[in-house]
Peer 1: 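To start, I am sharing the structure in question, which I have written as structure tokens.
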Amino acid sequence: MIDPSFSTTYAGLSIGYFSSLVTYVVSVNITPGPNNIMVTASGMNYGYVKTVPHILGIAFGCLILFSLVALGLGNIFLAYPLLHTGLKIIGSLYLLWLAYKIFTSGGVDVEGETSKPTTFLQALTFQFVNPKAWVMSITAVSAFSLKGDALWLSLIVVVMTQFLLVFPCSSTWALLGSQIKKIMRSPKAAKMFNRVLGVLTASCVIFIVN
């Protein structure tokens, strides 16, 4: 005999719920943003394989961030707007620094090159000053958490859906960058492309401030 509480808990986790959640997660992770622009630049400059630690750092950073928001950390930013403003300032300054690094990159991955791809830890840490990641996490938890007995189960589903889908979404951009590298064989073309990506990274600050 099926426990009535069991059916009540899972009632909200319908096909419509999952399809809406997946659509949201894919849309916010596949669209251009600081993470995707940076992995595109990394894919072009270092290749996909060397960009994998960067992508894994994004995935695990989002896993931790989404988990913290699910546990109630996001409410702190809603209660204290000044903290959110401070995060925007820190994130904007860090993005501008990253934009400068991309803009001035030589665009060649050869022995003796001084620049190195973003590490797992650097990418993980960046998620905590990435305003887009905070907006994504707070919106996802707010919109897709269910009330009552299904609350914690729905929060776990939201967190794990983000964790599982961010890797293929970011990989798409890194692979795009690696393919562009094959086309832009001359250092001059590679530098020009890095400058475009650097400007795009810096432009993300506009959306953060707004």
Side-chain angles (χ1 to χ4, degrees), residues 21-69 74 77 84 87-103 105 107 115-141 158-181 193-210:
L21 175 60
V22 169
T23 299
Y24 170 78
V25 171
V26 171
S27 64
V28 295
N29 281 286
I30 202 68
T31 50
N35 284 327
N36 288 336
I37 294 173
M38 286 189 289
V39 297
T40 302
S42 180
M44 195 201 81
N45 292 315
Y46 309 107
Y48 176 75
V49 173
K50 290 186 178 181
T51 305
V52 169
H54 186 161
I55 299 172
L56 288 173
I58 294 172
F60 280 92
C62 286
L63 175 64
I64 297 172
L65 180 59
F66 271 62
S67 298
L68 291 174
V69 171
F77 288 96
H84 191 218
L87 176 68
K88 284 186 175 184
I89 294 173
I90 295 173
S92 296
L93 291 174
Y94 189 62
L95 269 181
L96 289 174
W97 179 78
L98 290 172
Y100 171 77
K101 297 290 288 183
I102 295 173
F103 188 89
S105 175
S115 64
K116 295 180 180 179
T118 300
T119 66
F120 172 86
L121 186 59
Q122 287 172 333
L124 185 152
T125 305
F126 173 65
Q127 304 317 306
F128 295 93
V129 293
N130 180 3
K132 182 180 178 180
W134 280 100
V135 172
M136 286 165 47
S137 59
I138 293 174
T139 302
V141 169
V158 170
V159 171
M160 293 310 299
T161 300
Q162 166 66 20
F163 176 67
L164 294 173
L165 293 180
V166 66
F167 186 90
C169 289
S170 295
S171 289
T172 300
W173 287 89
L175 288 168
L176 174 63
S178 66
Q179 293 304 308
I180 292 174
K181 179 181 180 180
F193 187 72
N194 276 324
R195 288 176 179 176
V196 172
L197 290 177
V199 171
L200 289 175
T201 303
S203 69
C204 291
V205 173
I206 299 174
F207 298 101
I208 291 172
V209 173
N210 290 335

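All figures in this text were calculated on a predicted structure; none of them were measured in a lab.
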Peer 1: Could you check whether any side-chain heavy atom of Gln127 comes within less than 4.5 Å of a side-chain heavy atom of Val166, counting everything from C-beta outward?
Peer 2: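 A side-chain contact under 4.5 Å is absent here.
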Peer 1: Supply the atom-to-atom distance Met160 CE to Phe66 CZ, rounded to the nearest 0.5 angstrom.
Peer 2: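 Here the rounded value is 12.5 Å.
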Peer 1: How far apart are the closest heavy atoms of Phe126 and Met38, and which atoms are they?
Peer 2: CE2-CE, 3.3 Å
Peer 1: Are the side chain of Tyr46 and the backbone of Thr118 linked by a donor-acceptor contact shorter than 3.5 Å?
Peer 2: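 Flag not set: sc Tyr46 to bb Thr118 has no pair under 3.5 Å.
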Peer 1: Sorted by first residue and then second, give each side-chain hydrogen bond (donor to acceptor under 3.5 Å, both in side chains) pair with at least one member in residues 166-178; sequence neighbours left out.
Peer 2: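 Matches after skipping sequence neighbours: Tyr48-Ser171.
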Peer 1: Under a 4.5 Å cut-off applied to non-hydrogen side-chain atoms, are Val39 and Ile58 in contact?
Peer 2: yes
Peer 1: Is there side-chain contact between Pro53 and Thr119, with heavy atoms separated by less than 4.5 Å?
Peer 2: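 Side chain of Pro53 against side chain of Thr119, heavy atoms only: no contact under 4.5 Å found.
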Peer 1: Going from CG on Leu65 to CZ on Phe128, what distance comes out if it is rounded to the nearest 0.5 angstrom?
Peer 2: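 So the CG of Leu65 and the CZ of Phe128 are separated by 5.5 Å.
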Peer 1: Could you give the distance from CG (Leu124) to NE2 (His54), rounded to the nearest 0.5 Å?
Peer 2: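 Between Leu124 CG and His54 NE2, I get 10.5 Å after rounding to 0.5 Å.
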Peer 1: Set out, in order, the CA-CA distance, both residues' side-chain angles and the distance that settles side-chain contact (heavy atoms from CB on, under 4.5 Å) for Thr31 and Asn36, then state yes or no.
Peer 2: CA-CA 8 Å; Thr31 50; Asn36 288 336; 5.6 Å; no
Peer 1: If you round to the nearest 0.5 Å, how far is SG of Cys169 from CD1 of Ile55?
Peer 2: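 Result: 11.0 Å between the selected atoms.
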Peer 1: What residues, two or more places apart in sequence or in another chain, satisfy side chain to side chain contact (heavy atoms under 4.5 Å, CB included) together with Thr125?
Peer 2: Leu121
Peer 1: Looking at Ala59 and Phe163, what are the two nearest heavy atoms and their distance?
Peer 2: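 Answer, listing the atom of Ala59 first, then Phe163: O-CD1, 3.5 Å.
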Peer 1: Nearest 0.5 Å, what's the CG-NZ distance between Asn29 and Lys132?
Peer 2: 7.0 Å
